[in-house]
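We name chains A, B, ... by the order of the sequence lines, and we start the count at 1 in each one. Everything numeric here is computed off the predicted structure, so don't read it as measured data.
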There are 2 protein chains.
Amino acid sequence: MAYEQLKLDNQLCFRLYTAARLTMGTYHPYLDPLGITYPQYLVLLVLWEQDKQPVNDIAHKLFLETNTVTPLLQRMEKAGLVKRAKGKEDTRQRIVSLTKKGIAMREQAKHIPDCLSDEIIKISGEEEEFVRMIPTLDKLIEGLKQQ
Amino acid sequence: MAYEQLKLDNQLCFRLYTAARLTMGTYHPYLDPLGITYPQYLVLLVLWEQDKQPVNDIAHKLFLETNTVTPLLQRMEKAGLVKRAKGKEDTRQRIVSLTKKGIAMREQAKHIPDCLSDEIIKISGEEEEFVRMIPTLDKLIEGLKQQ
DNA sequence: TCAATTTATATCGTTCACGATGCAAATATA
DNA sequence: TATATTTGCATCGTGAACGATATAAATTGA
């Protein structure tokens, strides 16, 4: 069968695409009460690690384009989570910093990763199998990130 | 460190999310010439396996909601790839079938999975490691799919 | 120093993804 | 059989993603 390759079952990408969507869905019960989305949570993770970063740095750490991150940050600014100030050395830059609300959310969010781990353990009985994917995913991301 | 869990590096979901996006990006050179997107390609895969399916069946096979698939199919109908006819037994259903153009595209697309495998081999040196993720991803999807 | 190029961000248009809601047809139940 | 519920699909609104394009500031180079 010449078309065997076209079967959905054979596709790795389809599984990544589906697993990513469904996994993001499991964050809903934890992020909805905070009034944020998953990509916004990722931006907060980046800023909690280091406050006051230009748009480009945030975008790079998330492997996103600035034309995705800019509107994301605008919505987050509107929601009072971040401020966007003009850069002092380089005025083209927009330095993104956390507001008090954005800083405070760290405390509310700190249990989310453990909760998600628990969800995955509940699903699978054991976590190890999923943790074992991490280096492979990193390899894939590393290989694909330069265009 | 109480916040150690909140480091981006620790997150599995972030890797799935990123790997999925970047992998979908590698389809662009193959799908752009056909004038279709990755989700549209997935719909075609489903219909190439079995033509004439109601919206619900397509949505289920892709783990998507009908409110995602309906507009997708409307765009594909506009592009002349599929037709959407009222069901005969159950008139609530919309039976989606391939047009000649949609059928013909199967031939043009049949090398895409091999091309993608080659891309991944080029990145990694070997394919096995990625293939080994498949059962784990299936387990994850299986566990998450019932909401 | 002044024009050319690069860089940082923003804007626009299109396509998902999905929660919420609507509606008509089919099915179940009283 | 009349009413209630469920089912299948569609519509609407919002928030990503991302290609293409724009714009102003910084940098390079003649």
(request) By nearest nucleotide on DNA chain D, pick out whichever of Arg84(B) and His28(B) is the more 5' one. (result) Arg84(B)

(request) Measure the distance from NZ on Lys78(A) to C1' on dG15(D) and round it to the nearest whole Å. (result) 12 Å

(request) Find out whether the Lys NZ or Arg CZ of Arg132(B) is both under 6.0 angstrom from the six-membered ring centre of Phe130(B) and within 45° of the ring's axis. (result) no

(message) Quick check: closest heavy atoms across Met105(A) and Leu44(A), and the distance to 0.1 Å?
(response) SD-CD1, 3.8 Å

(message) If you count heavy atoms of other groups shown closer than 6.0 angstrom to NZ of Lys61(A), is the number above 12?
(response) yes

(message) What is the distance, to the nearest angstrom, from the NZ atom on Lys86(A) to the C1' atom on dT9(C)?
(response) 10 Å

(message) Rounding to an integer number of Å, can you tell me how far Leu31(A) CG sits from dC18(C) C1'?
(response) 15 Å

(message) Expressed as a whole number of angstroms, how long is the span from Met76(A):CE to dA16(D):P?
(response) 9 Å

(message) Please evaluate residues Thr26(B) and Glu119(B) with respect to the criterion side-chain hydrogen bond (donor to acceptor under 3.5 Å, both in side chains), reporting the C-alpha separation (whole Å), side-chain torsions for both, the decisive distance (0.1 Å), and the verdict.
(response) CA-CA 8 Å; Thr26(B) 63; Glu119(B) 299 264 4; over 6 Å; no

(message) Mind checking if Thr66(B) touches a base, just sugar-phosphate, or nothing, with heavy atoms under 4.0 Å?
(response) base

Shorter than 3.5 Å, N or O on both sides, protein versus nucleotides 25-27 of chain C: list them out with atom names.
residue	atom	partner	partner atom	Å
dA25(C)	O3'	Thr91(B)	OG1	2.8
dA25(C)	N3	Arg92(B)	NH1	3.3
dA26(C)	OP1	Thr91(B)	N	3.2
dA26(C)	OP1	Thr91(B)	OG1	3.1

(request) Over all heavy atoms of both residues, which pair between Ala19(A) and Thr23(A) is shortest? Give the atoms and the distance, please. (result) O-OG1, 2.5 Å

(message) Strictly below 4.0 Å: does Arg94(A) bring a side-chain N or O up to OP1 or OP2 of dA10(C)?
(response) yes

(request) Figure out the CD1/C1' separation between Ile58(A) and dA8(C), and round it to whole Å. (result) 13 Å

(message) Of the listed nucleotides (dA16(D), dA10(C), dA17(C)), which one gets closest to any side-chain atom of Thr37(A)?
(response) dA16(D)

(request) Measure from CZ on Phe63(B) to C1' on dC16(C) and round the result to the nearest Å. (result) 18 Å

(request) Consider the side chain of Thr68(B), meaning its heavy atoms from C-beta on, and name the nucleotide among dG15(D), dT11(D), dA17(C) that approaches it most closely. (result) dA17(C)

(message) Checking contacts here: which listed nucleotide (dA17(D), dC16(C), dA20(C)) is nearest the side-chain heavy atoms of Leu72(B)?
(response) dC16(C)

(request) Please determine if a side-chain N or O atom of Arg21(B) lies less than 4.0 Å away from the OP1 or OP2 oxygen of dC18(D). (result) yes

(request) Select from Pro71(A) and Pro71(B) the residue whose nearest nucleotide in DNA chain D is closer to the 5' end of that strand. (result) Pro71(B)

(request) Measure from NZ or CZ of Arg15(A) to the centre of the six-membered ring of Tyr17(A) and say whether it is under 6.0 Å with the direction within 45° of the ring axis. (result) no

(message) Hydrophobic cluster membership, with links at side-chain heavy-atom distances under 4.5 Å among I/L/V/M/F/W/Y: are Ile103(A) and Ile95(A) in one?
(response) no

(message) Looking at dA17(C), I'd like to know if its phosphate oxygens (OP1 or OP2) sit under 4.0 Å from a side-chain N or O belonging to Tyr17(A).
(response) yes

(message) Please determine whether a side-chain nitrogen or oxygen atom of Arg75(B) lies at a distance below 4.0 Å from atom OP1 or OP2 of dT15(C).
(response) no

(request) State whether Thr70(B) places a side-chain N or O below 4.0 Å from either non-bridging phosphate oxygen (OP1 or OP2) of dA10(D). (result) yes

(request) Examine dT9(C): is either OP1 or OP2 under 4.0 Å from a nitrogen or oxygen in the side chain of Asn56(A)? Give yes or no. (result) yes

(request) Report the distance from atom CG of Asn67(A) to atom C1' of dG13(C), rounded to the nearest whole Å. (result) 12 Å

(request) Determine: side-chain N/O of Gln74(A) to OP1/OP2 of dT11(C), distance under 4.0 Å, yes or no. (result) yes

(request) Starting from C1' on dC18(D), measure out to NE2 on His60(A) and report it in whole angstrom. (result) 15 Å

(message) Counting the benzene-type ring for Trp, do Tyr41(A) and Tyr30(A) have ring centres under 6.0 Å apart?
(response) no

